[in-house]
Amino acid sequence: EIIVSAEKALKLEGWNKIVEKHKNEEPVNGKILRKCKGGAEVSIDDLGLVAFLPGSMIDEAPIKNFDHLIGQPQKFAIVKLDMQRGNVVVSRKHIITSFRAEDKKKLIEGYKVNDVVTGTCKQLTTFGAFFRLDDGLDVLCHTSELSYSRVSHADEVVSEGEKRELKIIGVDLEKLQLSTSMKQLLPDPFDGIDKYEEGKIYKVKIVKLTDFGFFATLEENLVCLCHSSEFSYIKKNIPAKKLFSVGQEVDVVIKEISREQRRISLSYKMTQENPFETFQKSYKIGDILETKI
């Protein structure tokens with residue numbers, strides 16, 4: 001007697017077909033049958049095979065409940081085959097990602113540098129703000145492009161849910177990214193820098209204190225730095241917090257204006273009399289003084 005199996009013949013035929021599809025990177029059609037440990041079982045249409053769908057490959061984001069997907073016709077990518085054990089591993093995530101990547105590329109191709117778009121702020125981070133455009137694209141506006149003022153965190157300039165106009169400053173079709181800027185839609189404060197002169201006294205408003213000095217504004221968005229070495233002729237390395245406070249208005253001398261580096265250096269001590277120069281006018285080397293210890 002010869003024992004035969006129609007089931008095994010169908011599985012073998014199905015296996016040969018799935019090996020061919022795997023080589024050609026073709027997707028397969030199927031349905032999620034049921035949940036199992038670590039994922040789900042998937043019936044592959046017309047091949048008579050049951051494949052394993054890992055939980056991490058069900059969707060782009062982790063998904064706890066996928067009951068709504070059970071029994072629904074789906075496309076799956078073949079990610080692994082083990083002929084000895086007869087195991088097939090498939091992924092729904094690969095299909096979703098590839099389709100979204102193609103759609104995203106088409107959307108990004110519709111933009112060019114210098115285009116002005118409107119976006120809604122979705123997330124604030126230490127390195128910038130993410131905005132969602134009207135067509136669903138998510139774009140990043142880096143902290144350095146939020147304002148001409150010095151920004152430590154995006155929440156100083158924009159709030160979640162707020163709509164803002166953005167300028168496209170970069171289009172990357174390889175990484176599928178758009179770079180945007182808010183500040184480039186604002187007047188450049190350095191355009192009017194010629195009205196300020198080095199060596200003259202101006203009133204500034206302190207906006208930030210640091211370990212190495214303070215940042216202040218000459219006018220809106222025109223930020224300057226006064227280094228701690230420019231606080232006093234006599235005392236060195238004085239913490240800015242001991243002398244100044246945020247919001248305080250002080251007189252300073254513009255020490256240097258660098259148009260190339262877009263930098264203005266200030267001096268607080270130059271608004272005061274230099275005690276060393278005063279001393280030099282009153283005394284000479286060899287004079288005997290009376291001093292208090």
Side-chain angles (χ1 to χ4, degrees), residues 124-129 140-159 169 181-293:
L124 301 175
T125 69
T126 52
F127 54 86
L140 170 67
C141 185
H142 195 269
T143 307
S144 61
E145 291 296 329
L146 288 171
S147 173
Y148 286 108
S149 301
R150 192 175 181 87
V151 177
S152 299
H153 195 279
D155 60 8
E156 297 173 19
V157 181
V158 65
S159 305
I169 58 173
S181 172
M182 276 172 49
K183 77 177 186 184
Q184 290 190 29
L185 293 175
L186 301 171
D188 188 344
F190 257 80
D191 289 344
I193 199 66
D194 291 336
K195 64 185 176 186
Y196 297 104
E197 296 178 31
E198 293 179 2
K200 283 196 172 182
I201 296 176
Y202 296 92
K203 192 174 287 291
V204 296
K205 185 176 182 180
I206 297 173
V207 292
K208 187 176 182 182
L209 303 176
T210 69
D211 295 334
F212 53 85
F214 68 73
F215 288 95
T217 53
L218 266 170
E219 58 183 69
E220 190 176 1
N221 293 324
L222 187 56
V223 181
C224 321
L225 170 65
C226 182
H227 194 269
S228 55
S229 60
E230 293 296 324
F231 287 171
S232 170
Y233 287 108
I234 302 170
K235 298 177 182 178
K236 293 185 178 180
N237 301 321
I238 315 169
K241 291 178 182 177
K242 284 193 174 182
L243 298 177
F244 309 102
S245 59
V246 173
Q248 182 182 351
E249 291 188 349
V250 293
D251 288 332
V252 294
V253 170
I254 293 183
K255 189 180 177 185
E256 182 191 5
I257 297 174
S258 174
R259 289 168 176 80
E260 294 75 24
Q261 298 179 3
R262 297 175 62 84
R263 187 177 64 194
I264 302 173
S265 301
L266 306 176
S267 173
Y268 176 71
K269 70 183 182 183
M270 287 173 70
T271 61
Q272 305 155 33
E273 188 178 13
N274 187 339
F276 291 101
E277 290 179 358
T278 306
F279 185 87
Q280 196 173 11
K281 289 174 185 176
S282 305
Y283 302 96
K284 62 182 184 295
I285 294 172
D287 284 354
I288 296 172
L289 313 176
E290 276 196 12
T291 63
K292 185 184 282 187
I293 298 175

Give me the ring orientation class for F231 and F214: parallel if the planes are under 30° apart, tilted from 30 to 60°, perpendicular past 60°. parallel

Does the E230 side chain pair with the main chain of H227, one donor and one acceptor, at a distance under 3.5 Å? no

Judged by atom type as modelled, is there a donor-acceptor pair below 3.5 Å linking the side chain of S245 to the main-chain atoms of K241? no

Heavy-atom count check: over 12 atoms from other residues, nucleotides or ligands less than 6.0 Å from K269 NZ? yes

So, for [X] and [Y], which heavy atoms are closest and what is the spacing to 0.1 Å?
| X | Y | value |
| --- | --- | --- |
| M182 | V157 | CE-CG1, 3.7 Å |
| K183 | Y148 | O-CE1, 3.1 Å |
| S267 | T271 | O-CG2, 4.2 Å |
| A129 | V158 | CB-CG1, 4.0 Å |

To the nearest 0.5 Å, tell me how far [X] [atom1] sits from [Y] [atom2].
| X | Y | atom1 | atom2 | answer |
| --- | --- | --- | --- | --- |
| S228 | N237 | OG | CG | 6.0 Å |
| L225 | E256 | CG | CD | 11.0 Å |
| N274 | Q280 | CG | CD | 9.5 Å |
| T125 | H142 | OG1 | NE2 | 8.0 Å |
| E145 | Q184 | CD | CD | 5.0 Å |
| L289 | F279 | CG | CZ | 5.0 Å |

Under the side-chain contact (heavy atoms from CB on, under 4.5 Å) test against C226, which residue among L266, V253, I264, V250 passes? L266

If you apply the rule side-chain contact (heavy atoms from CB on, under 4.5 Å), what do you find for T217 with V223, and how did you get there? CA-CA 4 Å; T217 53; V223 181; 4.1 Å; yes

Does the side chain of F190 reach to within under 4.5 Å of the side chain of R263, using non-hydrogen atoms? no

Is there side-chain contact between L243 and Q248, with at least one heavy-atom pair below 4.5 Å? no

Side-chain donor-acceptor distances from residues 195-213 under 3.5 Å, at least two apart:
residue	atom	partner	partner atom	Å
K195	NZ	E219	OE1	3.3
Y196	OH	E219	OE1	2.7
E198	OE2	I257	N	2.9
Y202	OH	E197	N	3.0
K203	NZ	D251	OD1	3.4
K208	NZ	S152	OG	2.6
T210	OG1	F212	N	3.2
T210	OG1	G213	N	3.2
T210	OG1	G213	O	3.0

